[in-house]
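First up is the structure itself, then whatever we jot down about it.
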Amino acid sequence: MLFPALAAAAFLCLSCNERMERFSREGNLSFSDFELEINNEVDTKGAGQLDAPEPEDFYISVLDEDGEAVRDKDGNLLSGLSYAGLKSAGKVLSLKAGHYVLRAQSAGEVPVCGFDCPVFSGELPVRVTAGETSVPGTITCRLAQCMVSIDYDEGLLASMTGKGKATVELMAGSPLEYAIAYEGSRAVPETRIGYFALPASSESSLVVTFLATVGGKSQKMVKAFSGVKAAQWRQLMLIPMVTPEGTATFDIVIDGYVDDGELLSLLIAPQEEIIGEDPSAPAGDGGITLAFEEDCTMFDDLSRIVVPDPVEKTMDLRLVATVPGGVKSFTVDIETENAAFKSALAVAGGPHIDLVHPSADASVVFEVVPFPHGEDLAGMTEVHFNLSAAQEPISGFEGSHTFHMNVVDKNGCKKTISVTMIIPGKE
């Protein structure tokens with residue numbers, strides 16, 4: 001009987017030691033003097049302020065160094081706790097000693113995008129010391145999104161003859177549509193403010209696409225603005241303008257942002273683009289074709305060009321575009337599923353490229369995919385594309401990339417032909 005008694009005593013002593021050791025590794029986090037401040041200013045040229053929520057409406061979460069919510073010693077998840085509740089109860093949380101981040105937020109989640117849905121957020125690093133009670137200081141919360149409002153020049157609105165929309169996209173695949181209704185022979189645009197969550201990177205590009213019926217024609221404008229950050233108010237203005245060639249068109253400008261002079265227009269230069277059916281346009285495509293060169297036999301399907309590994313095989317990709325009526329306009333729209341390629345396109349001038357009148361930014365794209373370009377293309381009836389040199393640079397962008405070739409000849413005939421290049425994944 002003596003051995004079981006000694007074993008039980010040893011077990012109790014060990015359990016006691018473990019509890020004491022665990023307790024010695026824990027500390028307390030007291031919220032009795034914890035304060036929350038709200039900064040409701042937004043970055044604009046003038047004084048910009050939002051109606052901010054009350055501190056009592058905020059939620060508090062305790063996060064580890066990886067940004068994940070932690071649990072207290074009783075196993076309770078410390079996420080979405082009421083700030084008002086923590087303050088009124090003088091709450092004290094028991095946590096393992098270590099470094100944490102307190103996050104205060106006016107909503108459980110920050111929506112990717114939406115109208116009239118501001119979310120304020122702030123973070124404060126705290127340290128919990130074993131056997132001691134830590135008191136966090138003051139956490140300051142500010143708008144966690146970028147605000148975007150769109151206004152229109154009255155003359156441009158008056159020239160609209162049908163419905164339209166302006167689409168704003170900050171995170172790829174998550175656009176917000178600002179509809180333009182057409183009521184009583186007048187365009188009525190969306191006037192609410194949109195709110196956009198920021199991607200993981202600290203800055204991003206805001207892509208704006210405007211589609212409308214202007215003067216009886218469907219027209220499109222795409223433009224992007226770089227350096228987008230949280231707590232900015234991007235006030236967009238669509239204005240009419242005239243190109244150097246005398247063509248009536250429109251542009252998208254920033255009105256009110258504090259750093260207007262530093263904004264970079266990333267996508268196409270202002271231009272008129274008919275995207276609907278034009279009754280006066282000639283019938284047919286004018287015999288426009290795009291095909292492999294006769295002696296280029298590595299591929300046989302424009303819609304599926306699997307780019308070989310440069311280490312294993314050298315690619316031979318040569319194409320020829322035949323335009324019997326002579327090239328008037330030759331543009332390329334790039335569609336990709338690779339996020340890194342999308343970012344590279346944004347920096348290099350965007351997914352729309354005018355080969356006849358390319359922007360200076362597009363030169364980076366030509367280093368990856370060496371399209372023929374320049375004013376010499378105008379009037380050509382045959383355009384030769386030797387894209388073999390694209391093999392090595394494009395191999396770094398895994399996935400599918402489609403290049404929509406849009407050709408308009410001097411007679412007004414037009415055709416779009418798509419070429420898809422596939423970069424296999426690395427095993």
Side-chain angles (χ1 to χ4, degrees), residues 14-40 50-114 116-146 170-171 173-174 195-202 204 229-231 339:
L14 179 62
S15 298
C16 180
N17 288 337
E18 287 179 345
R19 287 196 298 272
M20 291 293 291
E21 183 181 355
R22 182 186 175 196
F23 178 78
S24 68
R25 296 198 308 266
E26 290 181 350
N28 294 324
L29 194 60
S30 172
F31 287 87
S32 58
D33 295 322
F34 176 54
E35 297 294 337
L36 189 152
E37 293 183 350
I38 301 173
N39 180 350
N40 66 341
L50 283 176
D51 291 333
E54 295 297 325
E56 291 74 18
D57 298 329
F58 278 73
Y59 301 92
I60 306 297
S61 298
V62 183
L63 313 177
D64 60 21
E65 293 178 301
D66 295 324
E68 300 294 330
V70 301
R71 296 181 183 273
D72 63 12
K73 68 176 183 179
D74 297 322
N76 300 311
L77 187 65
L78 304 180
S79 176
L81 307 177
S82 166
Y83 169 76
L86 290 173
K87 285 285 292 180
S88 62
K91 185 73 174 180
V92 176
L93 302 177
S94 295
L95 299 168
K96 290 182 180 179
H99 295 273
Y100 299 91
V101 172
L102 290 183
R103 175 182 292 165
Q105 200 158 275
S106 61
E109 299 290 339
V110 180
V112 174
C113 59
D116 299 331
C117 57
V119 177
F120 285 73
S121 182
E123 292 186 349
L124 178 70
V126 295
R127 180 182 178 184
V128 174
T129 303
E132 298 182 9
T133 297
S134 302
V135 180
T138 300
I139 188 168
T140 301
C141 296
R142 200 177 185 194
L143 184 67
Q145 305 139 296
C146 172
L170 185 58
M171 287 193 184
S174 300
Y195 291 82
F196 296 82
L198 276 294
S201 59
S202 59
S204 187
K229 298 179 182 179

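Because the structure is predicted, anything quoted here is derived from the model rather than measured. Starting from 1, each residue takes its place in the sequence as its number. Worth knowing before you read on, the calculation uses all heavy atoms, side chains too, and leaves out hydrogens, waters and symmetry mates.
Of the possible polar contacts, none joining the Ser121 side chain to the Gln105 backbone as a donor-acceptor pair under 3.5 Å is found. Side-chain N or O atoms of Asp72 include none that pairs as donor or acceptor with a backbone N or O of Ser94 at under 3.5 Å. A side-chain donor-acceptor contact under 3.5 Å links Gln145 to the backbone of Cys117.
Here the CG-OH distance, from Asp57 to Tyr83, works out to 11.5 Å after rounding to the nearest 0.5 Å. To the nearest 0.5 Å, atoms CD (Glu37) and CD1 (Ile139) are separated by 10.5 Å. The OG atom of Ser32 sits 7.0 Å away from atom NZ of Lys87, with the distance rounded to the nearest 0.5 Å. Atom-to-atom distance recorded for Ile38:CD1 and Leu143:CG is 11.5 Å, nearest 0.5 angstrom. Taken from OG in Ser79 to CD in Glu68, the straight-line distance is 10.0 Å, to the nearest 0.5 Å. Rounding to the nearest 0.5 Å places CD of Glu35 at 11.0 Å from OG1 of Thr140.
Closest approach of Pro53 to Phe58, counting heavy atoms only: CG-CE1, 3.7 Å. For the pair Leu36 and Ala104, the tightest heavy-atom approach, listed with the atom from each and the gap, is CD1-CB, 3.7 Å. Between Asp64 and Tyr100, the shortest heavy-atom contact is CA-CD2, 4.5 Å. Residues Pro118 and Tyr195 share a closest heavy-atom pair of CB-CE2, 3.5 Å. Across Ala197 and Leu170, no two heavy atoms sit closer than the pair O-CD2, 3.3 Å. The two residues Glu56 and Ala84 make their nearest non-hydrogen contact at O-CB, 4.0 Å.
By the 6.0 Å contact criterion, CZ on Phe34 is enclosed, its count of non-hydrogen atoms from other residues, nucleotides or ligands being greater than 12.
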Per-pair distances, 0.1 Å, donor-acceptor, side chain in residues 122-134, under 3.5 Å, sequence neighbours excluded:
| residue | atom | partner | partner atom | Å |
| --- | --- | --- | --- | --- |
| Glu123 | OE2 | Arg103 | NE | 2.9 |
| Glu123 | OE2 | Arg103 | NH2 | 2.8 |
| Ser134 | OG | Arg127 | O | 2.9 |

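Contact check for Leu198 versus Lys229: no side-chain heavy atoms found under the 4.5 Å cut-off. Inter-residue side-chain proximity for Phe120 and Asn39 is flagged as unmet; no heavy-atom pair is nearer than 4.5 Å. Under the 4.5 Å side-chain criterion, counting only non-hydrogen atoms from C-beta, Val70 is not in contact with Leu63.
Residue Leu78 forms a side chain to side chain contact (heavy atoms under 4.5 Å, CB included) with just one option from Leu29, Leu95, Ile60, and that option is Leu95.
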